Number of protein chains: 2
Amino acid sequence: MKLTDKKRMQILDAAEELFHSSGVEHTSMDQLALQAKVSKRTVYNHFATKDALFQAILQRMFDKLAEGGEVRFDATQPIEQQLRRIAQDEVALLSSAAFLRVAKIAIMQVMQRPELAQHMNNSSLGCKRYIDNFLTDACTAGVLHIADIPFAGKQFIYQLKSFVFYPSLFGLEQQTPAQQAHIIDEAIALFLARYQSKPG
Amino acid sequence: MKLTDKKRMQILDAAEELFHSSGVEHTSMDQLALQAKVSKRTVYNHFATKDALFQAILQRMFDKLAEGGEVRFDATQPIEQQLRRIAQDEVALLSSAAFLRVAKIAIMQVMQRPELAQHMNNSSLGCKRYIDNFLTDACTAGVLHIADIPFAGKQFIYQLKSFVFYPSLFGLEQQTPAQQAHIIDEAIALFLARYQSKPG
DNA sequence: ATATATAAACTACACCGTGCAGTTTACATG
DNA sequence: CATGTAAACTGCACGGTGTAGTTTATATAT
């Protein structure tokens with residue numbers, strides 16, 4: 001790897017770390033160069049302004065998160081098991097350090113500069129990408145009965161977000177894996193109590 | 001009213017406005033004095049530091065919100081109707097301009113300075129104050145069956161928060177009253193499907 | 001050799017908080 | 001009703017600090 005690429009990576013790593021721990025505003029470019037073990041001039045050779053660096057960080061973090069498999073409905077499997085799979089993936093994402101970092105940075109910026117709100121929200125992550133298709137297939141197969149599928153999908157995801165994501169984001173609590181499992185079980189129980197097709 | 005009280009109010013009003021629209025960090029004391037139509041020196045005669053002003057703002061806004069009635073369980077009324085009453089009160093609070101203001105200011109500060117997190121979370125607003133008691137009474141009366149009451153209470157509240165509060169907070173969408181009514185209906189349907197005692 | 005990195009000093013600016021000389025307001029007293 | 005007075009407000013300049021971004025002169029990697 002060329003030296004310049006290595007330096008660039010050091011800068012991005014340091015920015016990710018510092019923007020997360022101290023916030024964009026509270027991170028000075030001197031501090032950042034120090035942490036990156038790079039001269040400040042080198043930072044500016046790679047990124048014209050602090051804002052350009054911030055945009056690059058955001059992009060890189062989104063790219064890292066874009067990966068992740070899709071769960072497709074399978075009529076031969078119990079619905080409860082498939083929902084658990086979806087929820088486990090989602091909780092793993094929502095509680096991952098990488099996701100919390102980018103979310104914290106992005107949300108702080110959005111709250112400070114509301115005009116950037118919709119620009120951020122466009123990118124779709126995690127199970128949000130495929131859950132509508134999944135639920136549609138499950139309804140078609142007669143396993144679920146849902147009148148408003150996008151709404152029901154939100155109800156499911158919001159359960160997980162509310163218990164797992166926001167408390168971590170605001171620095172209140174972290175969940176143990178056992179607690180996470182309980183949250184998932186209860187979210188599924190709530191969802192199926194409402195939407196699972198009853199025999200007869 | 002005495003002049004000094006009037007000036008103090010002008011300062012607090014300006015701070016509330018600017019802290020909300022620009023964030024605490026991005027609001028300068030010069031800008032604030034200008035908006036308050038008060039000399040900067042007067043600001044400092046009332047509040048020793050910017051942080052003291054911030055604390056005062058937070059206190060004043062919490063005080064404004066502290067009002068609000070409590071819904072107590074009534075065995076002679078349908079549970080669905082009582083839950084709707086609770087949810088309506090909560091949604092009114094969560095979507096009120098006053099609540100969104102204080103929440104935005106407080107959350108921005110907490111995210112920038114995580115060490116203040118638990119200090120903030122202590123104050124309990126809205127139905128969070130009484131919902132555990134309500135659900136306990138409903139279970140005792142045999143109307144609901146809930147194993148983990150605090151958890152179930154969170155499930156209910158989080159539905160409302162997720163659909164009403166966070167989207168507004170992040171500047172994404174506002175709900176029409178009709179949409180709010182739909183959100184409330186669906187939250188109750190979800191909750192009762194899981195926790196309402198079945199006859200027989 | 002030539003592009004890139006480094007270190008350190010420098011510019012330009014914004015901001016917090018203070019000091020002070022002079023003015024306004026509220027109110028009491030002759 | 002006039003006048004005195006204490007408290008509060010004003011406007012402005014200033015010290016100190018922190019930070020984005022630049023310059024310059026030098027060293028190092030390819």
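Please read all numbers here as calculations on a predicted model, not as lab measurements. Convention: sequence-line order gives letters A, B, ...; per-chain numbering from 1.
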For DNA chain D, what residues of residues 28-36 of chain B have any heavy atom nearer than 4.0 Å? none
DNA chain C: 5'-most and 3'-most nucleotides touching chain A, 4.0 angstrom heavy-atom criterion: C:dA5 to C:dT6
Whole-Å distance between [N] [atom2] and [X] [atom1]?
X	N	atom1	atom2	value
A:Y44	D:dT19	OH	P	12 Å
A:H26	D:dT17	NE2	P	17 Å
A:D51	D:dG21	CG	C1'	14 Å

Salt bridge (charged side-chain N to carboxylate O under 4.0 Å, His left out), paired with B:D30, selected from B:K50, B:K40, B:R41: B:K40
Report the relative orientation of the aromatic rings in B:H182 and A:F151; use parallel for angles under 30°, tilted for 30 to 60°, perpendicular for over 60°. tilted
Check the orientation of B:F134 and B:F73. Use parallel for under 30°, tilted for 30 to 60°, and perpendicular for over 60°. perpendicular
Answer yes or no: is there a donor N or O on one side and an acceptor on the other, between the side chain of B:E90 and the main chain of B:C127, under 3.5 Å? yes
Taking B:Q175 for the side chain and B:F163 for the main chain, is one N or O donor matched with an acceptor at less than 3.5 Å? yes
Evaluation steps, salt bridge (charged side-chain N to carboxylate O under 4.0 Å, His left out), between A:E16 and A:K64: CA-CA 12 Å; A:E16 184 174 324; A:K64 268 191 200 167; 3.5 Å; yes
Quick one: what's the B/S/- string for nucleotides 5-12 of chain D, heavy-atom cutoff under 4.0 Å, read 5' to 3'? ---SSBB-
Between A:Y166 and B:Y166, is the ring centre distance below 6.0 Å? yes
More than 12 non-hydrogen atoms from neighbouring residues, nucleotides or ligands closer than 6.0 Å to CZ on A:R85, yes or no? no
Applying ring-ring contact (aromatic ring centres under 6.0 Å, His included) to B:Y195 and not counting sequence neighbours gives B:F191
Can you give me the bend angle of the helix from C:dA1-D:dT30 to C:dG30-D:dC1? Use the axis through the first five pairs and the one through the last five, nearest 10 degrees. 20°
Looking at residues at least two apart in the chain, or sitting in another chain, which of them share a salt bridge (charged side-chain N to carboxylate O under 4.0 Å, His left out) with B:E25? none
